[in-house]
Protein chains: 2
Amino acid sequence: MPTQTTTNQLTLIANTIRGLALDAVDACNSGHPGLPLGCAEIFTVLYTQFLNHNPKNPQWVNRDRFILSAGHGSMALYASLHLAGFELPISELKAFRQLESRTPGHPELHETPGVETTTGPLGQGIATAVGMALGAKHIAARTGAPLDHHVVVLAGDGCLMEGISSEASSLAGHLQLDNLILLYDSNDICLDGPTSECFTEDVAARYRAYGWHVIQIDGHHFGEIETALNDARQRKGCPSLIICKTIIGKGSPSYAGTSEAHGKPFGKDETAATKMGLSIPTDPLFFVPDDISSLMATRLEAQAKNETTWNQHFDQWRKTHPQNAATWDALAANILSPDALFAIRSAEVKPGIATRAVSHALLQVILTHCPSVVGGSADLSCSDSTLMTAGGILTPTHYEGRNIKYGVREFAMAAAASGLAIQGMIKPFCGTFFTFSDYMKNAIRLAALMNLPVVYQFTHDSILLGEDGPTHQPIEHLAALRAMPNLTVIRPADIAETKAAWIVALTRKNPVALILTRQGVKEGLNTDIDRAQKGGYIVQSEGPGEIDYTFIATGSELNLAIESAAKLTEQGQNCRVISMPSFELFDEQTKEYQAQTLGESRQFVSIEAQSSFGWHKYIGRDGIAIAIDQFGVSAPAKDLATQFGFTVPAILARLTPGVRT
Amino acid sequence: MPTQTTTNQLTLIANTIRGLALDAVDACNSGHPGLPLGCAEIFTVLYTQFLNHNPKNPQWVNRDRFILSAGHGSMALYASLHLAGFELPISELKAFRQLESRTPGHPELHETPGVETTTGPLGQGIATAVGMALGAKHIAARTGAPLDHHVVVLAGDGCLMEGISSEASSLAGHLQLDNLILLYDSNDICLDGPTSECFTEDVAARYRAYGWHVIQIDGHHFGEIETALNDARQRKGCPSLIICKTIIGKGSPSYAGTSEAHGKPFGKDETAATKMGLSIPTDPLFFVPDDISSLMATRLEAQAKNETTWNQHFDQWRKTHPQNAATWDALAANILSPDALFAIRSAEVKPGIATRAVSHALLQVILTHCPSVVGGSADLSCSDSTLMTAGGILTPTHYEGRNIKYGVREFAMAAAASGLAIQGMIKPFCGTFFTFSDYMKNAIRLAALMNLPVVYQFTHDSILLGEDGPTHQPIEHLAALRAMPNLTVIRPADIAETKAAWIVALTRKNPVALILTRQGVKEGLNTDIDRAQKGGYIVQSEGPGEIDYTFIATGSELNLAIESAAKLTEQGQNCRVISMPSFELFDEQTKEYQAQTLGESRQFVSIEAQSSFGWHKYIGRDGIAIAIDQFGVSAPAKDLATQFGFTVPAILARLTPGVRT
């Protein structure tokens, strides 16, 4: 739609968005009318004037991305997508928040055309957008392709209060992401009342401190919104914050400007009164004036043409830059090639080192063989072993760097990694100590919910990290991640299993967490790259007859299982040892394979230097879990192994009480 | 020590701290010399000039608190505590990071006299300090007592990069906590290299944006440090940030000013070279000059006198303000009185409402009967039902308010709640939606590690919250919290069990998480306030003979267990129903009670609208877990119950496949 669209037309569109949002929220008797009413002008300008995209091809690679970080305002987005011509018919708006509709309560990736990421948990949309903007810079730098779209985020007071917005915005300022525009819906109201009761900082000054360009406007003034967005688009060398002063629930006679507008259906009377004030019909519901439909149809044509023009430009670029185009294609393929698979399988790794060090060795191979892989760490690359040495550091003057220095910002790192993954040409991994997966937890969850192929490298995986003590020693973390749907957790025991873990991580399309040791591990455990990918497999078979003890162990404790079994075998016991690097992979196997692997046994024993929580699924009610169901302490690893019973004699004493071993 | 202490003496102390830190780190061959060397002058001024405390009584209520948020620099703190006369002999410094020493790798509350909170996970020390400063303001306002100490935090670049520092500092600025002083060890180096690679924001401007007073000084200049601290102490109406420009590893010929200094032992040669440059003897190790000992002895006397003077002043105040003194004593007692217990037990609550609403009703009773209880919410009090209506809001002009508006800052809220709890006169609770416990996770962990009596009210506890969809529907959260040591998780089924949950929460000295529904729950479940406190108990006994089905359920699903059992009983099956509001409380019972309660059964069945992870401990390998091991979807609760099998017919179909129900 050209800028000559009249203010009257824009007002009509804004009020139509308001009407649609009110009707949808009333229809399902739940949802959030406050933001759609307060941001209707912003959405109008975005979807009729600003965003360079093609609703008929929501996957166009150079489209501007729009992220609603304040995901509860989803109806504003759905109404805009509908009006803009995305494949979201009015019937879907009528089915807002209903089973199997494309209009869930909060926007969800893969559910709705035009929705670029899942939002709702506040603040994370900003960090994911930072990842998307950074990803675009990286791909453009790697390939030289004319990828020049913008990422626009709309966030509210809640997002801005969340710490992750600070982490992400500080990082974006540092990385000079001038393709990032943050619209801040500043309405002075949060869920519990006026922001004067909890949020009185100077947001503009804070963002200037991060190195951002800051603009403040009247968020209901079409001209100011458009001018600010265009100013932000032109700005080079830094991201832009547009502080839009708005009135929450604008148009509602009773609730405008109050927290009452935030998250409750208005109901028939207030909705009718609101519509009347806005000069939109109260009947029929879900009303869209014909004028708008024809206006938007015109804009659709222009947008399709925009894409065509860019595609021609892109094709031209491909022809004139065949080598760069080949790089583009390699990134776009984003697969584990047979060549890469072979390189990982056959990589020579020094025996006896920590699994984090094994992973580090493999990452050097992955760097050269898997072009889509981009890593990073929350200021621990020296220790979490994530640095791909020859990959270079990603900086504002070297966006092609393969290693991202996220700083000590775990939560933003995880959400940004999701942003890197969404577009499809980057396979991101990121790392920190396993304990600090806590800081990232909800971002891992969103990656799992979106089924994004992000890899997390978590090192220092048990009390056996030693002296750093209980604040750094994970206990409950394996259970916490294993309980999360869609996440594959792998704790390899040695070189072969670490190779298997990376092969799985680089192959799967869901997020994968690699859980690695700080300390050296033993080799010679009869592990296997292929069988390990089944999640659980027999590494030491029993003799004929009934099995006395079946050990199931993971990671650095597999060795203890094998040694304990050996001792018991000497004593005439019949023992089986199962390596179980991944519960999730094992649970994906056939029931027969699972039953065959676990078998029947007089006594099941799990050995893992973490919480026992969750193990009884395999070892049963009467199984013995050699585990740690308390916090650790600060001491050398060897002393801790003794203290917490992770030695062969201590294990044998647990299994055969009263018998001297 | 009076300010006339000469610069030479101060230098000697600073360098002695450096020497002790180097020796301790070398001795155990692990730890972090960079901060102790870089902040030795700051510690010297704090412990010889500034902090108003009494090392001989580290529990003096009006002592200044010092928090080392950058907990990895623990040796600077231990060395200072030793020199200052705390009960930390040199033998403990020699046992740095060893089993059973008082000098763990990171500072731990309860382990070391003079350590005020557990730190290490970056940024949290700042938020906990905010809680402490707020707690002091609150107690002073409630009682009028002459409680006027300060809380001083030392944080590094890592802390300042973490989002929680932003949340906490924004909140502290809003709350005008002028008893809070943040020293920022700004050395331009983080673990992975120079901060220029990841952290280039203008921290001073950022803190001014939060409403803080900001001072920048040379962190190695005694005079500047002292002046800045005194300036901060005098400043009224806002917290103060002192940016101390320092050199990490200062004094080390090879590592000063580089990230090499951060976290590795220097080893014999570099330590010797460093000591020589600082004019401290290389032999013996752990050297403390006699001059320092006598200087500190003088200061000890002065400090003991300070406490005596304040105590006299306090006693005088008690005499002249008997009513206020009674309030003080009531806060200090911080117990669940028989009167309060009776009030909670006998509270009349409307049947059929959500357990969050039951809790809300109980909180109104708790407000009047439990003076130490102070609540708060991350901007959800209208929805997480945490508001104690007659308690007033805590504001800078009304610190006595019993409800804290934390804003949308879950992580800072949780860490601040720990700070509120540590001093002992406040029993804090805080609330948000259960899903967002993810944002708080590591702060809950630290509260558990410290065994602090914090209560978390988590509402909207399953997919049955309905339309808000999978981003808001907890799945793996019960497992994640149940796996955490020292945390008691309670998911009550109805009014009686919610009463039991609060009685447990107000009685125990460890953290307790209450998991509550959004939706109404049925009554008439044969629950019991007393038996529920055992964590698991039989609510419906079987008939004579072998038990066919034993149901174990929690929260809103207990009703489904009872109804399913009733149907099966009609079909001639013998059924037992166990309510299991708390795994942890049940696991604390005698083995006999546990065995008696669980009994033997042909089939165990758990019913809980969350992940099955962890349930097999009770239901065994062959138990049937009616659970949700995938993400939810956005839809009305009723539709979700059907979709995910949480109806009696669906449950019966799972139990007796092929049989029409």
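Keep in mind that what you see is a predicted model, and the values were worked out from it rather than measured. When reading the values below, keep in mind they use all heavy atoms of this one structure, side chains included, and skip hydrogens, waters and symmetry mates. Letters A, B, ... mirror the listed sequences (proteins, then strands); counts begin at 1.
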Greatest number of non-hydrogen atom pairs under 4.5 angstrom with chain B, of Leu171(A), Asp202(A), Asp192(A), Asp438(A), falls to Asp192(A)

Max heavy-atom pairs within cutoff under 4.5 Å with chain B, candidates Tyr207(A), Tyr439(A), Phe433(A), Phe199(A), goes to Tyr439(A)

With a 4.5 Å heavy-atom cut-off, do [X] and [Y] have their side chains touching?
| X | Y | result |
| --- | --- | --- |
| Tyr406(A) | Cys198(B) | no |
| Leu380(A) | Leu191(B) | yes |
| Glu162(B) | Glu167(A) | yes |
| His32(B) | Asp468(A) | yes |

*asked:* Please confirm whether the ring centroid of Phe411(B) lies under 6.0 Å from the ring centroid of Phe411(A).
replied: no

Any sub-3.5 Å donor-acceptor pair from [X]'s side-chain atoms to [Y]'s backbone N or O?
| X | Y | result |
| --- | --- | --- |
| Asp639(A) | Leu99(B) | no |
| His174(A) | Glu197(B) | yes |
| Ser634(A) | Pro104(B) | no |

Sidechain N-carboxylate O distance under 4.0 Å for Arg445(A), Glu476(B): yes

- Query: Taking the six-membered ring of Phe604(B), is NZ or CZ of Arg621(A) closer than 6.0 Å to its centre and within 45° of its axis?
  - Reply: yes

Cut-off 4.5 Å, heavy atoms of chain B, and the answer for Ala95(A) is neither

So, the part of Ser612(B) with a heavy atom under 4.5 Å from chain A: the answer is neither

